[in-house]
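Residue numbers begin at 1 in each chain, while the letters A, B, ... track the order of the sequences.
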Amino acid sequence: MYALADCNNFYASCERVFEPKLEGRPVVVLSNNDGCVVARSQEAKDAGIGMGEPAFKCRDRFDRHQVVVRSSNYTLYDDMSRRVVRSILEFVPDVEIYSIDEVFLDLRPLAHLDVESLCRTIRDRVRQWTGIPISIGIAPTKTLAKLANHIAKKDPTARGVFQLPKTDPDRALALDSVDVGDVWGVGSRWGARLRGLGIRSALDLARMPTDDLRKKFNVIAQRTALELRGLVCQELEDVAPPRKTLVRSRSFGDMVTDFEQMSEAIANHAVRAAEKLRHEGGTAGQVSVFLSTNRFRDDLPQYHGGGTAAFLPATASTPIILREAMRLTRFAWRQGFHYKKAGVMLGDLSFGEVQGGLFDTRDHPRDDRLMAALDQVNRKMGAGTLRPAATGMVEKGWRMRREHCSPKYTTCWRELPRVQT
DNA sequence: TCTGGGGTCCTAGGACCC
DNA sequence: TCTGGGGTCCTAGGACCC
């Protein structure tokens, strides 16, 4: 048995924990740059605000329903996520952290217990200890646990916890109640194609011949159907596999038309990406730079550019990565376009031992000491205290918009919530 | 005016190897 | 008439996830 614990409307719930007056009111959280709606409280969903809708298209509804709007505050959400996971770990030792708001639980070692009442206890404790409401689905495979979670959220009689029935006809009934497009692994494209084949529910998909799925779609679709039948194809990954790429990119608050601004923006991305890579103890074998115009502005000429450079040996040193990123930027830049987005991707990552280069003469221990000192200063004195001049000396228009951001309630002394006595 | 950011995997096709 | 068999690596495109 597996369970999936999923936080309800996670970002909106985080905002509410520290601002209880938002209870009962519609709350939305916007993506970076205050661009799109990425989280909605139930009241906001009821007001007809869609997931992923551009904020500027929702202004009228925001006004009409007096929606509380927040910019995303990932410092807060990351910390709240850690708290939720720590709370769950008090009850279940083997978990897979699947995303910022979802955790798979391995219930196999706890099969002698009443898992449903255990999950109800977990749900209550997480609410009590963190303030975050969660729902839990219980089933024999991860795909079915996802499905059970979906029912736990939708069906009020489940009261937040739903265990998939073990036998038919009850199990078939449960699977038939879930739209095929809501199955984990079926997105909008496959959903439409499946409906075209007469497959409308999770039950239909489970009953579809799996070699057909393999032929018409791919092996992932086949595995999804097998998992819906109760056959485990995806084990719980309690140790996260090492990442393969690390991306740092942003849309610009105002469109960028001059090279210096672009260059400073990309320098910032390169510096932050290198920092993060060192923090994770990795090295990169390559760096890519990309820049692009606004794809929604069909009245403006479009351009997507970029390039990739390799490192031998692999490195996490800011000056080495930055120099290549700047070279690639000069190479990819075309004058005369209105740029909307740019970023840096570190690839070919390795963790642990680094393959040396036969003709390499660089003093790596010295580089490492320099980077350690840099990171230490910035950790102590604040991010960006010491930084390459290429990142720019004054505020520029390329920085992102963030007009409704809540404080870092849990990670910054100056921003702790105050309690009136 | 205004449209996010960060990932993974699979497949097909081409280039190349012996 | 008749044109092998087996393999790897890379890339682009297309899906998917949150």
Report task. For A:Val29, answer base if it contacts any base atom (sugar-phosphate contacts may also be present), sugar-phosphate if it contacts only those atoms, and nothing otherwise; contact means non-hydrogen atoms under 4.0 Å. Result -> nothing
Query raised in the report: Could you give the CZ-to-C1' distance, from A:Phe252 to B:dC2, as a whole number of Å?
Result: 17 Å
Query raised in the report: Heavy atoms under 4.0 Å, any strand shown: does A:Asp34 hit a base, just sugar-phosphate, or nothing?
Result: nothing
Query raised in the report: Hey, can you pull the residues of residues 4-17 of chain A with a non-hydrogen atom under 4.0 angstrom from DNA chain B?
Result: none
Report task. Specify the separation, in whole Å, of atom CE of A:Met51 and atom P of B:dG4. Result -> 12 Å
**Report entry** Distance, P atom - from C:dC18 to B:dT3, rounded to whole angstrom
**Finding:** 25 Å
**Report entry** Considering all heavy atoms, the nearest A:Ala342-A:Met262 contact
**Finding:** CB-SD, 3.7 Å
Requested in this report: Let me know the distance between CD1 of A:Ile49 and P of B:dT3, rounded to the nearest Å.
Outcome: 18 Å
Requested in this report: Output, in order, the C-alpha distance, side-chain angles, deciding distance and verdict of salt bridge (charged side-chain N to carboxylate O under 4.0 Å, His left out) for A:Glu235 and A:Lys142.
Outcome: CA-CA 8 Å; A:Glu235 301 286 341; A:Lys142 285 163 85 173; over 6 Å; no
Report summary line: Per-nt protein contacts along nucleotides 6-15 of chain B (heavy atom under 4.0 Å; B base, S backbone sugar-phosphate only, - none) come out as SSSSSS----
Report task. Please list, by residue number, the residues of residues 131-155 of chain A whose heavy atoms come closer than 4.0 Å to an atom of DNA chain B; answer none if no residue qualifies. Result -> none
Query raised in the report: Is A:Arg200 salt-bridged to A:Asp179, going by a charged N under 4.0 Å from an acidic O?
Result: no
Query raised in the report: Taking the six-membered ring of A:Phe252, is NZ or CZ of A:Lys341 closer than 6.0 Å to its centre and within 45° of its axis?
Result: no
Query raised in the report: So what does A:Arg297 hit on the nucleic acid, given a heavy-atom distance under 4.0 Å: a base, only sugar-phosphate, or nothing?
Result: sugar-phosphate
Query - Length of the CG-P vector between A:Leu205 and C:dC16, whole Å - result: 13 Å
Report summary line: To the nearest angstrom, the CZ-P distance between A:Arg189 and C:dC16 comes to 7 Å
Report summary line: Checking B:dT3, C:dC18, C:dC16 against the side chain of A:Asp101 (C-beta onward), the nearest is C:dC18
Query raised in the report: Any side-chain N or O of A:Ser72 under 4.0 Å from OP1/OP2 of B:dG4?
Result: no
Query raised in the report: Whole Å only: how far is the CE atom of A:Met400 from the P atom of B:dG5?
Result: 8 Å
Query raised in the report: When all nucleic acid strands are considered with a 4.0 Å heavy-atom cut-off, which category describes A:Glu53: base, sugar-phosphate, or nothing?
Result: nothing
**Report entry** For atom CZ of A:Arg402 and atom C1' of B:dC2, their distance in whole Å
**Finding:** 18 Å
Report summary line: note: A:Arg59, atom CZ; B:dT3, atom P; distance rounded to Å ~ 11 Å
Report task. Can you label the angle between the A:Trp333 ring and the A:Phe259 ring as parallel, tilted or perpendicular, going by 30° and 60°? Result -> perpendicular
Query raised in the report: Do NZ/NE/NH1/NH2 and the carboxylate oxygens of A:Lys408 and A:Asp79 come within less than 4.0 Å?
Result: no
Query raised in the report: Do A:Leu228 and A:Leu203 have side-chain heavy atoms sitting under 4.5 Å apart?
Result: no
Query raised in the report: Are A:Tyr303 and A:Phe337 close enough that their ring centres sit under 6.0 Å apart?
Result: yes
Query raised in the report: If every non-hydrogen atom of A:Ala5 is compared with every non-hydrogen atom of A:Leu105, which pair is closest and at what distance?
Result: CB-CD1, 4.2 Å
Report task. Show your reasoning for whether side chain to side chain donor-acceptor pair (under 3.5 Å) applies to A:Asp34 and A:Ser71. Result -> CA-CA 6 Å; A:Asp34 292 344; A:Ser71 303; 2.7 Å; yes
Query - Proximity of A:Phe104 and A:Trp184 rings by center, below 6.0 Å - result: yes
Query raised in the report: Looking at A:Phe91, is A:Arg125 sitting on its ring face, NZ or CZ under 6.0 Å from the six-membered ring centre and within 45 degrees of the normal?
Result: no
Query raised in the report: Does a side-chain N or O from A:Lys57 land closer than 4.0 Å to OP1 or OP2 of B:dC2, or not?
Result: no
Query raised in the report: With sugar-phosphate meaning primed atoms plus P, OP1 and OP2, does A:Ser188 contact a base, only sugar-phosphate, or nothing at under 4.0 Å between heavy atoms?
Result: sugar-phosphate
